[in-house]
Amino acid sequence: MYVTDSNESLKQKYEKENNLLNRLHGYETVERTKFLNKYFNNKDFIKNRERNAAKFKEPLKSILKKIKFDYLGIVLLAIVIGSFAGIYTYAKKDDVSIEKQQNKNIKSVFVGLVCMLVGFGAGLATTVHSHRMIRKYDVERFYNRMAIRLFSVLKKVYPDLQDNALLNYNPESSLVITTLLMANMSEEDTKKIQSLAITLSNKDNVEKDDLQEYEAGINEAFEIVKKALDQDQDLYYSILQVYNGIIPRNFNLHQSRIKE
């Protein structure tokens, strides 16, 4: 059970966490420089982050349901207008004889149709990509906030953890922990947390009155994570090491155990 903080206390907590998740939250330190060097040179981190995104990406069918028909109509109208403009330009590019005009018109319509289809496909692909990037951001932000809070839990068990670890290593350390959790927790648990993150997207805005709802979701997800860590000591200690400035060589811990 969690004690419900007042709205003002929650606002202060979220502002502090938002600051830690901001790349410009503090000055560069020797510890941070060393951590970032490991972070940017760890190819397995990049590979697993991309693998997580691909594995848990939003299905195309779900995205298409969210796209409003009026939005698609506007996009299609813009493409049609652009296509006719292209047809007109193509037709005026050079003078042709009357007997060739019919063939010219047919070719122009065909070119315009192809342009329209390509443009529509490109517009739809861009929209789908945008939806998936927003979803990825919402999910990672949700996880990253949990990663900050997990430090306080581990600090009680390991008092030797550096008090300034969050300042030195964030926001990158939270993203490393997020990637570890997503790569090693069960697919069922991961999807539960992602569902919470998507449902609560944009409700962690300190300027709005949704923090209590977001906090309840964070606490629910946090219990799922703590249970997973109790069952997976390798994951538990790998996360603990991140707070000490150490990034794992291999993020998929299950595969690492098999190789050993």
Side-chain angles (χ1 to χ4, degrees), residues 13-57 129 132-185 190 193-194 197 204 221-222 225-226 228-229 232-260:
K13 178 193 291 186
Y14 277 65
E15 286 177 337
K16 181 178 179 180
E17 291 171 353
N18 290 345
N19 185 48
L20 288 170
L21 294 175
N22 186 331
R23 294 181 183 277
L24 304 177
H25 67 77
Y27 297 102
E28 295 298 319
T29 62
V30 174
E31 291 82 1
R32 177 166 174 73
T33 300
K34 290 180 180 178
F35 184 84
L36 289 181
N37 185 53
K38 301 172 188 174
Y39 174 85
F40 287 117
N41 287 287
N42 191 302
K43 295 181 180 179
D44 201 59
F45 163 70
I46 298 172
K47 181 174 65 176
N48 274 275
R49 189 184 178 197
E50 293 175 347
R51 182 181 296 159
N52 290 341
K55 183 177 181 180
F56 298 107
K57 69 182 179 182
H129 177 71
R132 283 178 171 161
M133 289 302 294
I134 292 172
R135 174 190 168 103
K136 179 183 176 184
Y137 172 79
D138 288 334
V139 169
E140 287 188 341
R141 185 178 68 213
F142 192 85
Y143 268 95
N144 291 349
R145 198 178 295 279
M146 283 196 295
I148 290 177
R149 299 190 184 191
L150 187 57
F151 177 83
S152 299
V153 174
L154 293 177
K155 177 69 175 175
K156 295 176 182 177
V157 182
Y158 302 95
D160 292 338
L161 278 177
Q162 298 179 27
D163 290 325
N164 61 348
L166 294 180
L167 284 172
N168 280 333
Y169 307 134
N170 260 301
E172 292 79 13
S173 61
S174 288
L175 190 53
V176 168
I177 291 171
T178 290
T179 304
L180 270 169
L181 290 173
M182 291 178 65
N184 294 281
M185 286 178 61
T190 302
I193 295 176
Q194 290 202 337
D204 60 340
F222 202 78
V225 170
K226 286 200 295 185
L229 295 183
D232 191 337
Q233 291 298 298
D234 287 342
L235 179 58
Y236 178 94
Y237 286 114
S238 292
I239 290 174
L240 178 63
Q241 291 292 73
V242 176
Y243 291 121
N244 284 315
I246 301 172
I247 300 178
R249 179 178 298 177
N250 299 306
F251 276 72
N252 192 314
L253 304 177
H254 176 69
Q255 286 187 352
S256 298
R257 288 192 289 266
I258 293 176
K259 290 179 180 179
E260 292 174 357

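Not one N or O on the side chain of Lys38 forms a donor-acceptor pair closer than 3.5 Å with the backbone of Ile246. At least one donor-acceptor pair under 3.5 Å links the side chain of Arg32 to the backbone N or O of Asn170.
Each of Asn52, Ile247, Ile239 was checked for a side chain to side chain contact (heavy atoms under 4.5 Å, CB included) with Leu180, and the lone residue meeting it is Ile239.
Side-chain contact between Leu229 and Lys226 is absent, with no heavy atoms from C-beta onward closer than 4.5 Å. The shortest distance between side-chain heavy atoms of Gln162 and Tyr169 falls below 4.5 Å. Taking the side chain as every heavy atom from C-beta outward, Asn42 and Pro248 never approach each other to under 4.5 Å. Annotation: side chain of Leu161 is in contact with side chain of Leu240 (closest heavy-atom distance under 4.5 Å).
Considering CG of Asn168 and CZ of Phe35, their distance stands at 10.0 Å, rounded to 0.5 Å. Here the CG atom belonging to Leu253 is positioned 6.0 Å from the CG atom belonging to Asp234, to the nearest 0.5 angstrom. Rounding to the nearest 0.5 Å gives a distance of 12.5 Å between OH of Tyr243 and OG of Ser238.
Using cut-offs of 30° and 60° for the angle between ring planes, the Tyr237 and Tyr158 rings count as perpendicular.
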Check residues 142-153 and write down every donor-acceptor pair under 3.5 Å in which the side-chain atom is one partner and the other belongs to a residue at least two apart or another chain.
residue	atom	partner	partner atom	Å
Asn144	OD1	Thr178	OG1	2.6
Asn144	ND2	Glu140	O	3.2
Arg145	NH1	Glu17	OE1	2.7
Arg145	NH1	Asn18	OD1	3.4
Arg145	NH2	Asn18	OD1	2.9
Arg145	NH2	Asp204	OD2	3.0
Arg149	NE	Glu17	OE2	2.8
Arg149	NH1	Glu215	OE1	3.0
Arg149	NH1	Glu215	OE2	2.8
Arg149	NH2	Glu17	OE1	3.4
Arg149	NH2	Glu17	OE2	3.4
Arg149	NH2	Glu215	OE1	2.9

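A search for side-chain contact (heavy atoms from CB on, under 4.5 Å) contacts involving Asn48 returns Asp44, Arg51, Thr179, Ala183, Phe251, Asn252, not counting sequence neighbours.
In this structure, Thr190 and Met182 approach most closely via the heavy-atom pair OG1-O, 4.3 Å. Closest approach of Val176 to Phe45, counting heavy atoms only: CA-CE1, 4.0 Å.
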Going through the distances and angles, do Asp232 and Met185 end up as a side chain to side chain contact (heavy atoms under 4.5 Å, CB included)? CA-CA 9 Å; Asp232 191 337; Met185 286 178 61; over 6 Å; no
